[in-house]
Amino acid sequence: MNKLIAPSILAADFGNLQRDVEMVNQSEADWFHIDIMDGVFVPNISFGMPVLKAISQHAKKTIDVHLMIVDPDRYIQTFADLGATILTVHYEACTHLHRTVQAIKAAGMKAGVALNPHTPIAVLEDIIKDIDLVCMMSVNPGFGGQSFIENTYKKVSQLKHLIEFTESDCLIEIDGGVTDQNANKLVEAGADVLVAGSFVFKNEDPIKTIANLKSIIT
Ligand code: DX5
Ligand code: ZN
């Protein structure tokens with residue numbers, strides 16, 4: 001499968017949000033990665049439904065929503081209505097993960113599960129065949145611009161092995177601290193989708209940065 005780039009809108013200039021969304025539309029990026037934080041599951045609040053609605057109105061690519069919130073079941077239908085193609089919930093935030101995954105799929109979206117850096121891959125053994133994506137956190141969730149945690153490579157290899165062993169169709173997404181320095185090694189370990197926030201938006205030529213990342217991984 002083609003390897004994908006998903007710029008994280010968390011690092012965009014919110015004063016020029018439409019401009020930055022159009023930039024992603026025009027670039028070689030594949031998805032929009034949208035981080036929703038509630039200030040409870042993670043120690044930060046990002047943005048909520050009205051902002052996602054504004055993004056959706058201009059975005060012309062797949063909308064990949066990463067929920068860093070407690071009790072995400074409350075908002076599954078809302079995110080479907082707002083145009084999410086993929087809805088990812090945190091393993092650590094879901095007591096009844098199987099039920100949550102089924103509800104996401106019943107609402108017409110693809111279901112993702114995110115794992116914090118300390119959470120072992122083994123917890124996915126009995127859900128891996130039911131999900132479409134694993135979002136592997138390569139930083140502690142809550143903030144953009146953090147340094148990549150090197151232990152991620154080992155976890156990607158373990159996850160790739162689990163996916164192959166179970167014949168799951170699940171994609172591996174890496175989220176946090178992705179740059180041109182680790183992109184190739186991540187893809188070699190088995191990653192399918194690379195989220196990149198600061199590395200894209202803090203560069204003076206984001207379109208070129210995305211094209212460069214894309215050329216590294218394909
Ligand atoms: C972190 C978010 C990430 C973040 C990535 O909690 O889930 O998606 O925006 O940003 P960078 O690429 O700057 O680490
Ligand atoms: Zn994210």
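Whatever order the structure lists them in is the order used to number ligands and atoms, beginning at 1.
- Residue-level check: among N/O/S atoms of D175, OD2 sits closest to the Zn ion (ligand 2).
- From the protein, the heavy atom lying nearest to atom 5 (C) of ligand 1 is D175 OD1, 3.6 Å.
- Considering backbone and side-chain N/O atoms, G145 comes within less than 3.5 Å of an N/O atom of ligand 1.
- Interface atoms of ligand 1 facing H66, defined by a heavy-atom separation under 4.0 Å, are 7 (O).
- Counting the atoms of ligand 1 from 1 in the order shown, those under 4.0 Å from a heavy atom of H33 are 8 (O).
- Ligand-side atoms of ligand 1 in range of M137: 7 (O), range being under 4.0 angstrom from any heavy atom.
- Across all non-hydrogen atoms, the minimal contact from N116 to P141 is OD1-CG, 3.0 Å.
- The backbone N or O of I121 lies less than 3.5 Å from no partner atom in the side chain of K155, so there is not a single donor-acceptor pair.
- With ligand atoms numbered from 1 in the order given, ligand 1 contributes 12 (O) to contacts under 4.0 Å with heavy atoms of A196.
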| request: Decide side-chain contact (heavy atoms from CB on, under 4.5 Å) for I69 and D71; before the verdict, give the C-alpha distance in whole Å, the side-chain angles of both, and the deciding distance to 0.1 Å. | output: CA-CA 7 Å; I69 67 173; D71 202 4; over 6 Å; no

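- At least one N or O atom of G142 sits closer than 3.5 Å to an N or O atom of ligand 1.
- Taking the six-membered ring where the residue is Trp, Y75 and F79 present perpendicular rings, their angle passing 60° and hence far from 30°.
- A donor-acceptor contact shorter than 3.5 Å links the side chain of Q146 to the backbone of N140.
- Closest N/O/S atom of H33 to the Zn ion (ligand 2): NE2.
- Classification of the F14-F47 ring pair by plane angle, with boundaries at 30° and 60°, yields perpendicular.
- Taking every non-hydrogen atom of P141 and a distance limit under 4.0 Å, the qualifying atoms of ligand 1 come out as 6 (O).
- Exactly one residue among D175, T88, T62 makes a side chain to side chain donor-acceptor pair (under 3.5 Å) with H33. That residue is D175.
- Between N140 and ligand 1, no N or O atom pair is found at a separation short of 3.5 Å.
- Residue contacts with ligand 1: G197 is placed with a nitrogen or oxygen under 3.5 Å of a nitrogen or oxygen of the ligand (distance criterion only).
- Of all non-hydrogen atoms in F201 and S8, the two that sit nearest each other are CE1-O, 3.3 Å.
- Protein heavy atom closest to atom 4 (C) of ligand 1, with residue, atom name and distance, is D35 OD2, 3.7 Å.
- Closest heavy-atom contact between L10 and G144: CD2-N, 3.9 Å.
- The shortest heavy-atom distance from F143 to ligand 1 is under 4.0 Å.
- Taking every non-hydrogen atom of M68 and a distance limit under 4.0 Å, the qualifying atoms of ligand 1 come out as 6 (O), 7 (O).
- Here the N, O or S atom of D35 that is nearest to the Zn ion (ligand 2) is OD1.
- At the shortest separation from atom 10 (O) of ligand 1 among protein heavy atoms lies G144 CA, 3.7 Å.
- Between the side chain of S27 and the backbone N or O of I210 there is no donor-acceptor pair closer than 3.5 Å.
- An N or O contact shorter than 3.5 Å links G177 to ligand 1 by distance.
- Heavy-atom distances between A11 and ligand 1 stay at or above 4.0 Å for every pair.
- The line from CG of D30 to CG of L4 is 4.5 Å long, rounded to the nearest 0.5 Å.
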| message | salt bridge (Lys or Arg N to Asp or Glu O under 4.0 Å), that's the test. Do D132 and K105 meet it? Break it down for me. | response | CA-CA 10 Å; D132 301 292; K105 295 205 278 195; 5.3 Å; no

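- Annotation for ligand 1: atoms under 4.0 Å from non-hydrogen atoms of M37 are 6 (O).
- Taking the Zn ion (ligand 2) as reference, the nearest N/O/S atom within H66 carries the name ND1.
- Taking any N or O of S198, backbone or side chain, at least one lies under 3.5 Å from an N or O belonging to ligand 1.
- D38 contributes a side-chain N or O that, together with a main-chain N or O of V40, makes up a donor-acceptor pair within less than 3.5 Å.
- Here is the list of ligand 1 atoms found below 4.0 Å of a heavy atom in G176: 14 (O).
- Here the side chain of R99 pairs no donor or acceptor atom with the backbone of T95 at under 3.5 angstrom.
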